[in-house]
Amino acid sequence: MEKRAYAKINLSLDVTGKRSDGYHEVRMIMQMVSLWDTLRVTETDTPGIELICREPGVPCDSRNLVWQACDMLMKEKKVQQGVRIVLEKRIPHAAGLGGGSSDAAAALHAVNELFHLGFSDDELCARGVRIGADVPYCVMGGTALAEGIGEKLTALPAMPPCHIVLARPDVDVPTGVVYRKLDSCTSVVHPDVDAQADAIRRGDLAGVVRTLGNVLEPVTAADAPVITAIRRGLDRAGAEGTLMSGSGATVFGIFSDEAQAARAAETVREGGMAKDVFVTCPDVLN
């Protein structure tokens, strides 16, 4: 069995509070894009989980969310067989694109189907949040408003057609550090998430662009000025709007014209600002 695990971007990301358990309350618009990892999943007679990934820095043991997802479902249903997963990475690791969460969601779907476990998508979402706050969204896919810690999802119509350049600089951004620094900020500019959701419902790309916003970006960019440099480069190349995704450090630019998006991506590559550059589009799964 083969499953695709799609990257996501945050068209908006607002943090509205912090819970007593340490998690932050968020409101954000999530969008999957046409960049994906591939999971090849095979049932084995030998019990246990074998995870293979050649990407440097990606663990292949219980630290990996894919391993955790398989282990959780297989233990709950007392699956006697084993599973072998070959994970082929294309989504950059720890880049604000949800690669680990999406891989886990794909693993949940795969194990559920492979062993005929009978979980609904809602049941997979309820289990996925135990692994990571973005996993429920990645189980659902498409375009969605996410609230709570990310597990309360409202499906939205597909984002208006466009082309999206992703540019990831060679910067490591620990998510926990970014949120802790946000907690100490005295002034935060909150994006209008509701206005953006309305723009998506109207199919209004200009409205989506006008309401792009991420409260985490100023925090991350303060320590990684290359984020601002990439945004300026994409702006000069004709992007209709730019933003950092998640806690960073990937920056995306939205373009109506595919050729212009390709030229912008090449400009960023030639400028040496980004380690990884991709031209994608919204991926319609819902």
Side-chain angles (χ1 to χ4, degrees), residues 5-15 24 26 28-37 53-59 63-65 87 89-104 132-134 138 150 164-185 188-189 191 212-237 239 241-255 261 264-280:
Y6 288 86
K8 63 82 185 171
I9 58 174
N10 299 87
L11 297 173
S12 57
L13 194 164
D14 193 14
V15 177
H24 287 78
V26 297
M28 52 192 179
I29 305 291
M30 312 272 274
Q31 174 63 55
M32 281 194 164
V33 295
S34 57
L35 170 68
W36 61 85
D37 294 342
C53 181
R54 306 301 183 193
E55 183 71 15
V58 176
R63 294 170 294 170
N64 193 297
L65 299 187
L87 172 59
K89 291 291 295 179
R90 290 181 67 227
I91 304 171
H93 178 61
L97 296 174
S101 295
S102 193
D103 292 343
D134 285 345
C138 294
I164 300 171
V165 175
L166 306 176
R168 179 230 177 182
D170 191 9
V171 174
D172 290 326
V173 181
T175 300
V177 172
V178 174
Y179 274 95
R180 284 194 294 274
K181 288 184 177 181
L182 178 71
D183 291 338
S184 64
C185 290
V188 176
V189 178
L212 293 172
N214 181 346
V215 297
L216 300 180
E217 183 177 313
V219 178
T220 304
D223 294 326
V226 67
I227 291 169
T228 302
I230 293 173
R231 285 193 65 180
R232 288 173 178 165
L234 290 171
D235 285 335
R236 288 193 297 270
T242 62
L243 193 67
M244 184 187 81
S245 182
S247 60
T250 298
V251 173
F252 65 88
I254 296 176
F255 297 80
E266 189 60 30
T267 297
V268 172
R269 287 191 193 99
E270 291 176 352
M273 292 181 288
K275 181 178 180 180
D276 301 291
V277 184
F278 308 91
V279 179
T280 69

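FYI, the numbering just counts along the sequence from 1. Everything numeric here is computed off the predicted structure, so don't read it as measured data.
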query = Closest heavy-atom contact between Pro169 and Ala249?
reply = CD-O, 3.1 Å

note = Distance col, row Met273:CE vs Asp170:CG, nearest 0.5 angstrom, shows 14.0 Å

ask   = What distance do Met32 atom CE and Thr280 atom OG1 have between them, rounded to the nearest 0.5 Å?
value = 12.5 Å

Audit row: Glu217, Val189, side chain to side chain contact (heavy atoms under 4.5 Å, CB included) steps and yes/no = CA-CA 10 Å; Glu217 183 177 313; Val189 178; over 6 Å; no

query = Nearest 0.5 Å, what's the NE2-CG distance between His24 and Leu182?
reply = 6.0 Å

key: Check: Ser102 side chain, Tyr6 main-chain N or O, donor-acceptor pair, under 3.5 Å   = yes

request  = Measure the shortest side-chain to side-chain distance between Asn10 and Ile29 over non-hydrogen atoms and say whether it is less than 4.5 angstrom.
outcome  = no

query = Closest approach of Asn64 and Pro59, non-hydrogen atoms and distance?
reply = ND2-O, 2.8 Å

task = Would you indicate whether the side-chain heavy atoms of Thr250 and Phe278 approach each other to under 4.5 Å?
result = no

key: Asp235 atom CG, over 12 foreign heavy atoms within 6.0 Å   = yes

ask   = Taking all atoms of both residues into account, what is the closest heavy-atom pair of Ile91 and Gly99, and its distance?
value = CG2-CA, 3.8 Å

ask   = CZ/Arg180 to SG/Cys185 distance, rounded to the nearest 0.5 angstrom?
value = 13.5 Å

ask   = Given side chains that start at C-beta, do those of Leu97 and Arg168 come closer than 4.5 Å, heavy atoms only?
value = no

message = Determine whether a donor-acceptor pair (N or O, by modelled atom type, separation under 3.5 Å) exists between the side chain of Lys8 and the backbone of Gly96.
response = yes

request  = Evaluate the side-chain proximity of Asp223 to Lys181: yes if any heavy-atom separation is below 4.5 Å, no if none is.
outcome  = yes

query = Which atoms form the tightest heavy-atom contact between Phe252 and Leu234, and what is the distance?
reply = C-CD1, 4.0 Å

request  = Mind checking the CD1-CD1 spacing from Ile254 to Ile9? Nearest 0.5 Å is all I need.
outcome  = 6.0 Å

query = Is the backbone of Ser247 close enough, under 3.5 Å, to the side chain of Thr220 for a donor and an acceptor to pair up by distance?
reply = yes

task = Decide yes or no for Leu243 and Arg231: does some side-chain heavy atom of the first lie under 4.5 Å from some side-chain heavy atom of the second?
result = yes

ask   = Are any non-hydrogen side-chain atoms of Asp103 and Leu65 less than 4.5 angstrom apart?
value = no

task = Considering non-hydrogen atoms only, spot the tightest contact between Met244 and Asn214 and give its length.
result = O-ND2, 2.9 Å

inquiry  = When you compare the side chain of Leu166 with that of Asp276, does any pair of heavy atoms fall below 4.5 Å?
reply    = no

message = Once rounded to the nearest 0.5 Å, what's the spacing between atom OG1 of Thr242 and atom CD1 of Ile164?
response = 12.5 Å

Nearest heavy-atom neighbours spanning Arg269 and Val277 = NH2-O, 3.3 Å

